[in-house]
Amino acid sequence: MANAASGMAVNDDCKLKFLELKAKRTYRFIVFKIDEKLKQVVVEKVGEPTLGYDDFSASLPTNECRYAVFDFDFVTEENCQKSKIFFIAWSPDTSRVRSKMLYASSKDRFKRELDGIQVELQATDPTEMGLDVIRGRAN
């Protein structure tokens, strides 16, 4: 496997879509996947700004690893409207071991390419990245 230690190359579209989410709020979320044939991380799906958390969590496959970015809007105790960008490393227990290792070894390099991530979550099942967990980590 080429370049296993440093992880996969990152497709330019990943960075462009992330910048659009961060700067222009063009998307609510982005789901990224590793394309093993191309040996790079690519954009699999983008969610429109009108979509919510349920749409986001439904877009993650139940038995395959993914990286995802979710723009979470919330109101603070002081009644201020805020948002935080979450990076989620989705690695369900039911996914292949090789896939889990590939995503784990590529995560840090990929995350460095996305400048502006505020909170990172590692999830192996939906409860580890539930809305309550996200809400708790946002404050």
Side-chain angles (χ1 to χ4, degrees):
M1 199 171 102
N3 208 6
S6 65
M8 293 283 159
V10 178
N11 186 297
D12 287 341
D13 196 38
C14 295
K15 295 179 232 174
L16 287 171
K17 293 270 191 286
F18 179 74
L19 282 172
E20 288 174 16
L21 177 144
K22 185 174 87 166
K24 301 182 192 141
R25 302 178 72 87
T26 313
Y27 311 109
R28 171 67 55 205
F29 62 85
I30 309 170
V31 178
F32 305 96
K33 99 184 233 189
I34 290 178
D35 186 317
E36 291 189 48
K37 287 185 184 75
L38 296 175
K39 296 211 180 323
Q40 63 180 349
V41 181
V42 296
V43 172
E44 181 178 53
K45 181 176 187 169
V46 293
E48 298 306 312
T50 54
L51 296 177
Y53 178 80
D54 291 338
D55 302 298
F56 163 66
S57 60
S59 68
L60 294 172
T62 52
N63 56 359
E64 289 180 42
C65 299
R66 291 292 185 271
Y67 301 126
V69 172
F70 181 70
D71 187 9
F72 178 62
D73 291 326
F74 62 100
V75 178
T76 66
E77 288 177 11
E78 296 82 36
N79 212 17
C80 293
Q81 183 71 38
K82 288 196 167 179
S83 86
K84 285 218 169 140
I85 298 174
F86 279 75
F87 177 83
I88 297 168
W90 172 244
S91 183
D93 291 331
T94 54
S95 56
R96 296 186 338 242
V97 171
R98 175 182 153 74
S99 177
K100 285 189 227 184
M101 289 170 62
L102 192 56
Y103 275 79
S105 66
S106 303
K107 182 182 78 167
D108 289 336
R109 175 160 185 239
F110 178 60
K111 208 174 77 180
R112 276 197 302 273
E113 299 282 345
L114 307 180
D115 185 39
I117 289 168
Q118 293 155 306
V119 185
E120 180 185 338
L121 285 178
Q122 178 83 36
T124 58
D125 73 64
T127 61
E128 293 178 336
M129 54 169 256
L131 200 49
D132 54 334
V133 174
I134 286 185
R135 209 174 272 122
R137 295 285 303 273
N139 292 322

With hydrophobic residues grouped by side-chain heavy-atom distances under 4.5 Å, do [X] and [Y] end up in a single group?
X: Ile88; Y: Tyr53; answer: yes
X: Phe32; Y: Phe87; answer: yes
X: Leu102; Y: Leu38; answer: no
X: Leu21; Y: Ile117; answer: yes

If you round to the nearest 0.5 Å, how far is [atom2] of [Y] from [atom1] of [X]?
X: Thr26; Y: Leu16; atom1: OG1; atom2: CG; result: 11.0 Å
X: Gln40; Y: Met8; atom1: CD; atom2: CE; result: 9.5 Å
X: Asn11; Y: Lys33; atom1: CG; atom2: NZ; result: 13.0 Å
X: Leu51; Y: Tyr27; atom1: CG; atom2: OH; result: 12.5 Å
X: Lys82; Y: Thr76; atom1: NZ; atom2: OG1; result: 6.0 Å

Between [X] and [Y], which heavy-atom pair has the shortest distance, and what is it?
X: Phe18; Y: Gly116; answer: CZ-C, 4.1 Å
X: Arg137; Y: Val119; answer: NH2-CG1, 3.6 Å
X: Ala68; Y: Leu60; answer: CB-CD2, 4.2 Å
X: Val133; Y: Glu128; answer: CG1-O, 3.7 Å
X: Lys100; Y: Pro92; answer: CE-O, 3.6 Å
X: Ser83; Y: Gln118; answer: O-OE1, 4.0 Å

Counting distance only, does the side-chain N/O of [X] pair as donor-acceptor with the main-chain N or O of [Y] below 3.5 Å?
X: Ser57; Y: Pro126; answer: no
X: Ser95; Y: Ser91; answer: no
X: Tyr103; Y: Ile34; answer: yes
X: Tyr67; Y: Lys107; answer: yes

Quick one, [X] and [Y] - any side-chain contact, counting heavy atoms below 4.5 Å?
X: Val46; Y: Phe29; value: no
X: Val10; Y: Leu114; value: no
X: Pro61; Y: Arg66; value: yes
X: Ile85; Y: Val69; value: yes
X: Arg25; Y: Pro49; value: no
X: Ile30; Y: Val43; value: yes

Using salt bridge (charged side-chain N to carboxylate O under 4.0 Å, His left out), reason through Arg135 and Asp132 one step at a time and then give a plain yes or no. CA-CA 5 Å; Arg135 209 174 272 122; Asp132 54 334; over 6 Å; no
Checking side chain to side chain contact (heavy atoms under 4.5 Å, CB included) for the pair Asp115/Lys22: CA distance, chi angles, key distance, verdict? CA-CA 9 Å; Asp115 185 39; Lys22 185 174 87 166; 4.2 Å; yes
So among Phe56, Phe86, Trp90, which one has a ring-ring contact (aromatic ring centres under 6.0 Å, His included) with Phe70?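 The option that passes is Phe56.
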Could you give me the CA-CA distance, side-chain angles and deciding distance for Asp73 and Arg28, then say whether side chain to side chain contact (heavy atoms under 4.5 Å, CB included) is met? CA-CA 9 Å; Asp73 291 326; Arg28 171 67 55 205; 2.9 Å; yes
Steps toward side chain to side chain contact (heavy atoms under 4.5 Å, CB included) verdict (Glu77, Asn139): CA-CA 9 Å; Glu77 288 177 11; Asn139 292 322; 6.0 Å; no
